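Data first, discussion second: the structure below is written as structure tokens.
Just so it is clear, the values below take in all heavy atoms, side chains as well, and ignore hydrogens, waters and symmetry mates. Not measured: the values here are computed from a predicted model. Chain naming here is simple, since letters A, B, ... match the order of the sequence lines and numbering starts at 1 in each.
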Protein chains: 2
Amino acid sequence: MLSERKRTILKALISDYIQRAEPVGSRTLARRYNLGISPATIRNEMADLDEMGYLEQPHTSAGRVPSYKGYRYFVDSLMQAEKLTPQEEQRLSKSLQQRLAKIDTVFYRASRALSEVSHYISLIMGPFLGQQIFRQLRLVPLDSQYVMVLLITDTGLVQNRIVEIPAGVSAAELDQIARLFTKLLAGVPLEDLTSSLLQELYTMFSRRNRFLQEFFADLITNLAADEGERVYLGGTTNLLKHPEFNDMEKVRGLLGLLEEREFLCSLLADVTSEDIEITIGEENKYVEMKECSIVTASYEIGGRKVYTIGVLGPTRMDYARVVSAVDFMRKQLSDTLREIIR
Amino acid sequence: MLSERKRTILKALISDYIQRAEPVGSRTLARRYNLGISPATIRNEMADLDEMGYLEQPHTSAGRVPSYKGYRYFVDSLMQAEKLTPQEEQRLSKSLQQRLAKIDTVFYRASRALSEVSHYISLIMGPFLGQQIFRQLRLVPLDSQYVMVLLITDTGLVQNRIVEIPAGVSAAELDQIARLFTKLLAGVPLEDLTSSLLQELYTMFSRRNRFLQEFFADLITNLAADEGERVYLGGTTNLLKHPEFNDMEKVRGLLGLLEEREFLCSLLADVTSEDIEITIGEENKYVEMKECSIVTASYEIGGRKVYTIGVLGPTRMDYARVVSAVDFMRKQLSDTLREIIR
DNA sequence: CATTAGCACTCTCTGGCAGAGAGTGCTAAC
DNA sequence: GTTAGCACTCTCTGCCAGAGAGTGCTAATG
């Protein structure tokens, strides 16, 4: 419902502001972009856009700055994604190329690369331990005294721990115990392994075979703790590059939040769409994020969220580039993880 | 060789500066501490200390500020460690209490707690993968297609990976291969697993049994990468609380460095003493750290460094408290890890 | 002879003020 | 409908004066 001319002006203004971080005036706009109309005309249009809520004035005699509504409109119907350069794409895919055992490492590198390419802060949330599905329990004797307990899930993830073998338990018995657990628990999501369920299981064993109790107790603690331990963060210092964060107070507030893993989780937890979602300024749940935007996408296999990635920056973020980066990374990660997770 | 009075003045001045972060004048010193002498006398003494290099003047008519030499003297022979409160000690030990499977988690929590208690930045470097000693290789078949490769070291650490079983290799054969590897490599530190050594081993196998090649190649890559992946960092935002870091440029420089894992490693790599070491300002290798100090301690078992912990803050750091915190944490961590690592 | 009071001097910091610069809204002309 | 012109507003910068804090030096003191 905006006239074509208003759209052109709005687009030019926002692009300019994203680039230079300074309020844009009518004169500047006329000079820098070949709009074919005079500053005075632009002024009139800008006054309209201001009244409609797309633009704001920091003070009476400054240029205009996009409002939240302005950004929203820009993102939804003005902007077109800006392709990454081949070098940038390479930087992103290269970060995933090393096939490493630890999935942690994959995410860590990915997040680093994403922050470097986007020039903002990157967030990656890996799969939640509790959503993994129990597949096998293995007891691998190390020597006569100790046995290694292995818990293998559908994604190949292993929970391992060395445990003392109770006196008089033979290798055959260990094997039997492992088989029993495997049989009983196969297919159960780890988050369903409550202590009451385990208690039931234990009643099936003779007293001396309860040495796994501690292992499972730990596992449950792990599950509870895990919620906060699977977020990878990269490029925090990128925040400091932008003039809107020249204020120490703001920086401290935001960086402080970013140290809280629970906060990071809650930022990404809601994202479920595989499409790219953009949350701008006021749309955020947190006051401290009022001047930030976040671009996210997530990925699921069989109803279980495998990962969510996001890029966080000031509202004055280069959405066109960031969207491309997130999109590219999303695809790359999916391909990589499809191989690692079976 | 400093007179008792000079020592008293120096101590009072540095303590005051550490607390308030502002140049201390003779009047202030006389007023705040009951030294029993007049400002004029203090002025004379301060002039001496200035000339001797223990104090500095930001400008002609400001109070004095400790120089690097002043801090050094303070730390070595004036300061006495300030006991932590029971609450603080509890906070530290509690962070280690949860016996969790992943050693990662232990370090992560420890570093968080240490930064909270110290109010500065904490660094913890965990054990280096390459120093672990090969103990066993295990091949645990998951189903007819895949086998889980387990590498167990002396500290119980496991490198695991799911690998496809080459067609026609029986379970018995897998077992045989695992035994052979175990026999040949037992006792070898992982860092000695070079590709040439492995090449030699491979020649002993028939062609179809080389499916472990990829696993070891990954392991070697991991080893190389690991150097940088075992540093845990906590409390970065604490940096921003201190007035010496009101300058954005400084903050960006330092936070940028702290994002580089190689940098963090190099900070801690040299520390070998189990005693507490204090590195002050200029003593640091890095220019960016000229205004920072770091308090470190490390811990070894059988000649292998198990961990190094450190607290990093401005030169105007509350050394008395930090030393206590590092000392306490060092002991706690040793106790905890002695249990986990066998 | 060490200590101290007094004093002139130095340097920073703060607030007020003027002028430059950038941008606006309004009006009148095209 | 578009544009040129103009008065007006607001910020930013640099400058200056006065306050405040601290120093070094000198001379008096116990």
So does Lys83(B) pair up with Glu89(B), basic N to acidic O under 4.0 Å? yes

How about Phe74(B) and Tyr54(B): are their ring centres within less than 6.0 Å of each other?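 So the answer is no for these two rings.
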
Sugar-phosphate, base or nothing in reach of Ala40(B), heavy atoms under 4.0 Å: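 The residue Ala40(B) makes base contact.
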
In this structure, how many angstroms lie between the [atom2] atom of [N] and the [atom1] atom of [X], rounded?
X	N	atom1	atom2	result
Leu29(A)	dT3(D)	CG	C1'	16 Å
Arg43(A)	dG1(D)	CZ	P	18 Å
Asn44(B)	dA27(D)	CG	P	15 Å
Leu35(A)	dT2(D)	CG	P	13 Å

Of Arg31(A) and Ser61(B), the one whose closest DNA chain C nucleotide lies more 5': Ser61(B)

Test of understanding: with salt bridge (charged side-chain N to carboxylate O under 4.0 Å, His left out), list the residues that count as partners of Arg5(A), not counting sequence neighbours.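 Scan of Arg5(A) (salt bridge (charged side-chain N to carboxylate O under 4.0 Å, His left out), adjacent residues dropped) gives Glu45(A).
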
First and last nucleotide of DNA chain C touching chain B, 5' to 3', heavy-atom cut-off 4.0 Å? dT3(C) to dT12(C)

Does one side chain, of Tyr17(B) or Arg64(B), offer a donor that lies under 3.5 Å from an acceptor on the other?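 Note: Tyr17(B) and Arg64(B) side chains miss the donor-acceptor criterion.
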
Kindly write out the residues that satisfy side chain to side chain contact (heavy atoms under 4.5 Å, CB included) with Ala40(A), not counting sequence neighbours, or none if the list is empty.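 If we apply the side chain to side chain contact (heavy atoms under 4.5 Å, CB included) test to Ala40(A), skipping adjacent residues, the hits are Ser38(A), Arg43(A).
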
For dG14(D), what is the paired nucleotide under Watson-Crick or G-U wobble rules, both distances under 3.5 Å? dC17(C)

For dA28(C), which nucleotide in any strand shown is its Watson-Crick or wobble partner with both distances under 3.5 Å? dT3(D)

In terms of relative ring orientation, are His242(A) and Tyr120(A) parallel, tilted or perpendicular, with 30° and 60° separating the classes?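 The rings of His242(A) and Tyr120(A) lie parallel, inter-plane angle below 30°.
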
